[in-house]
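Here is the structure we will look at.
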Number of protein chains: 2
Amino acid sequence: MNHTTGAAEDYLKTIYTHTEWQSDLISPSALAVRLGVAPSSVTEMVKKLAASGLITHVPYGPLALTDAGRLRATAVVRRHRLIETWLVGEMGYDWDQVHDEAEILEHAISDRLLEAINTRLGFPAHDPHGDPIPAADGTVLRPPAVLLAEATVGHAGSVLRVSDRDPAVLRELAADLIGPGTEFTLAAALTIVLADGQSRLVTPAAAASIWVTA
Amino acid sequence: MNHTTGAAEDYLKTIYTHTEWQSDLISPSALAVRLGVAPSSVTEMVKKLAASGLITHVPYGPLALTDAGRLRATAVVRRHRLIETWLVGEMGYDWDQVHDEAEILEHAISDRLLEAINTRLGFPAHDPHGDPIPAADGTVLRPPAVLLAEATVGHAGSVLRVSDRDPAVLRELAADLIGPGTEFTLAAALTIVLADGQSRLVTPAAAASIWVTA
DNA sequence: GCCAGAATTTAGGCTCACCGAAACCCTGCT
DNA sequence: AGCAGGGTTTCGGTGAGCCTAAATTCTGGC
């Protein structure tokens with residue numbers, strides 16, 4: 001009733017992260033695309049997760065985590081993000097290179113090793129992309145944020161997070177020295193002015209990946 | 001023809017380590033016991049490994065690695081031992097606590113991360129138990145060694161390795177400050193005298209786990 | 001040289017996580 | 001209201017890796 005294998009954890013994690021920065025529930029087909037599996041595989045796993053009380057699902061409807069499911073999901077996300085932070089902070093990885101490694105290690109590391117890493121890093125609150133690292137009890141501290149692509153011209157603030165979905169975007173932004181904490185003003189659509197007065201043109205893909213202070 | 005999953009890697013690793021400090025080939029049933037699986041499971045996997053050219057096996061006979069199999073096996077052993085060394089050297093583990101964690105991580109870590117760890121550690125030649133860490137090309141440097149239980153009284157030398165099979169033995173020896181590098185003289189069966197003149201009584205289990213300079 | 005008992009293999013089955021194809025349900029458009 | 005098309009589920013099937021029970025083969029002791 002309770003074990004949650006690596007595959008199930010991936011489903012829970014993906015359902016969780018889908019609603020982390022926007023509020024619509026995920027559909028089975030969207031989940032299939034994100035996980036790279038066939039829709040029928042999703043149906044099957046959804047049945048198991050619902051039977052275990054980790055998600056709720058009415059046939060032909062969207063998916064939602066239960067409290068138990070959210071706890072399990074945040075535990076996986078916590079692992080993933082602590083590992084990413086560690087890879088960048090101690091192991092010489094760049095922020096566009098950590099995702100795949102963390103994807104695998106998050107299912108392999110013991111709680112003990114995870115806490116040893118957490119301690120070495122000084123209990124970080126965010127990963128290299130600016131995503132909040134859930135606490136061990138599942139608590140997540142997430143500031144209000146707007147997508148740069150949807151911010152109004154004139155908006156001033158700082159970068160909160162950059163989605164790690166597209167490594168090319170991450171490399172582009174790293175080259176432009178833009179990352180979590182960068183302060184800016186939106187001078188025109190896709191044009192930001194940094195604190196030192198330099199302006200940067202961001203691609204539409206980047207603008208759709210950058211979340212800034214509301 | 002070539003993938004080698006985690007399970008297959010465990011079979012290869014176990015076949016390899018069985019002949020590392022003694023020279024008789026392993027039998028299918030011994031392999032089953034070590035891996036904790038049924039004999040029939042061994043038969044099945046053996047068939048696959050033989051078909052992939054990683055081991056040789058005549059029906060009802062013992063198992064032996066081919067050159068390709070040995071290369072694959074030493075790669076896994078290399079991972080395992082580097083991870084153990086890292087857990088002890090940087091993550092605050094004791095030498096009796098690293099085995100299980102390494103057992104899992106050895107199948108999850110990427111080559112890149114492994115080399116990052118190797119570099120941080122300064123390219124160690126031995127793990128915390130004194131086992132040699134194979135080079136990336138499969139080369140292993142193993143000094144001639146005798147089991148303490150089989151050494152003649154009067155034998156003087158130093159501890160080369162302690163088998164990590166039995167954590168209780170490792171804890172016992174750690175309490176007695178005995179480990180790889182410890183110099184001693186065998187004063188009587190199960191009694192050793194250390195460099196500082198102190199003598200120690202070792203249990204039969206420990207004497208059967210300690211390998212010393214020949 | 002034979003044969004009992006141990007080791008090994010075969011045979012048949014199980015679970016997990018996946019697949020493609022076919023059936024089914026729902027919605028939006030006419 | 002009816003229906004086409006897309007989303008979802010069902011159905012039958014696959015490969016890994018494991019199991020137990022039932023052959024089969026080998027071997028040591030007489």
Side-chain angles (χ1 to χ4, degrees), chain A residues 1-16 18-19 24-65 69 72-73 76 100 103-104 106-108, chain B residues 1-16 18-19 24-65 69 72-73 76 100 103-104 106-108:
Chain A
M1 201 75 63
N2 229 349
H3 176 246
T4 42
T5 69
E9 289 183 348
D10 281 337
Y11 281 78
L12 293 173
K13 180 186 63 174
T14 305
I15 295 169
Y16 173 81
H18 181 266
T19 45
D24 59 318
L25 296 177
I26 194 167
S27 68
S29 58
L31 185 52
V33 170
R34 281 250 217 139
L35 290 170
V37 301
S40 56
S41 303
V42 170
T43 301
E44 206 170 296
M45 182 63 87
V46 157
K47 242 182 295 185
K48 284 184 212 164
L49 295 175
S52 304
L54 296 170
I55 67 174
T56 57
H57 177 234
V58 295
Y60 296 94
L63 311 170
L65 294 169
R72 208 71 68 90
V76 181
D100 295 352
E103 202 69 25
I104 294 173
E106 71 191 10
H107 304 299
Chain B
M1 200 75 67
N2 229 351
H3 176 245
T4 41
T5 68
E9 288 183 348
D10 281 338
Y11 281 79
L12 293 173
K13 180 186 63 172
T14 305
I15 294 169
Y16 173 80
H18 182 265
T19 45
D24 59 319
L25 297 178
I26 195 168
S27 66
S29 57
L31 185 51
V33 170
R34 279 249 219 141
L35 290 170
V37 300
S40 56
S41 302
V42 170
T43 301
E44 208 170 292
M45 181 63 86
V46 157
K47 242 183 291 185
K48 285 184 212 166
L49 295 174
S52 304
L54 297 171
I55 66 174
T56 57
H57 176 235
V58 295
Y60 297 93
L63 310 169
L65 294 169
R72 208 70 68 91
V76 180
D100 295 350
E103 202 68 24
I104 294 172
E106 71 191 9
H107 305 299

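Proteins get letters first, then strands, A, B, ... in listed order; numbering begins at 1 in each.
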* Asked: What nucleotide among D:dT9, D:dC18, C:dC19 has an atom nearest to a side-chain atom of A:V37?
  ->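 Of the options given, the side chain of A:V37 lies nearest C:dC19.
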Separation of [N] [atom2] from [X] [atom1] (nearest whole Å):
X     : N      : atom1 : atom2 : value
A:L35 : D:dT8  : CG    : P     : 14 Å
B:L25 : C:dT8  : CG    : P     : 12 Å
B:D10 : D:dA16 : CG    : P     : 17 Å
B:H57 : D:dC26 : NE2   : C1'   : 13 Å
B:L63 : C:dT9  : CG    : P     : 8 Å
A:M45 : D:dT9  : CE    : C1'   : 16 Å
B:Y60 : D:dT25 : OH    : P     : 5 Å
A:L31 : D:dT9  : CG    : C1'   : 15 Å

[X] side chain N/O closer than 4.0 Å to the phosphate oxygens (OP1, OP2) of [N]?
X     : N      : result
A:Y11 : C:dC16 : no
A:K47 : D:dT9  : no
A:S41 : C:dA17 : no
B:K48 : D:dG15 : no
B:T43 : C:dT9  : yes

* Asked: Stepwise, does the side chain to side chain contact (heavy atoms under 4.5 Å, CB included) test hold for A:T4 with A:L54?
  -> CA-CA 10 Å; A:T4 42; A:L54 296 170; 3.8 Å; yes
Considering every strand and a 4.0 Å limit on heavy-atom distances, what is the contact class for [X]: base, sugar-phosphate, or nothing?
X     : value
A:G36 : sugar-phosphate
A:A7  : sugar-phosphate
B:S29 : sugar-phosphate
A:P39 : base

* Decide side chain to side chain contact (heavy atoms under 4.5 Å, CB included) for A:V42 and A:V37; before the verdict, give the C-alpha distance in whole Å, the side-chain angles of both, and the deciding distance to 0.1 Å. => CA-CA 7 Å; A:V42 170; A:V37 301; 3.8 Å; yes
* Asked: For B:L49, does its backbone N or O pair with a side-chain atom of B:H57 as donor and acceptor, under 3.5 Å?
  ->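 Checking the backbone N and O of B:L49 against the side chain of B:H57, no donor-acceptor pair under 3.5 Å is found.
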* How many angstroms lie between OG1 in B:T14 and CG in B:L35, if you round to the nearest 0.5 Å? ->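 B:T14 atom OG1 to B:L35 atom CG measures 4.0 Å (nearest 0.5 Å).
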* Before giving the answer on side chain to side chain contact (heavy atoms under 4.5 Å, CB included), spell out for A:E9 and A:R72 the whole-Å C-alpha distance, their side-chain angles and the decisive distance to 0.1 Å. => CA-CA 8 Å; A:E9 289 183 348; A:R72 208 71 68 90; 5.6 Å; no
* On DNA chain C, check which nucleotide each of B:E44 and B:S27 is closest to and give me the residue with the more 5' one. =>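 In this pair, the answer is B:S27.
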* Asked: With a 3.5 Å cut-off and just heavy-atom distances, do the side chain of A:S40 and the base of C:dG20 make a donor-acceptor pair?
  ->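 A donor-acceptor contact between them is present.
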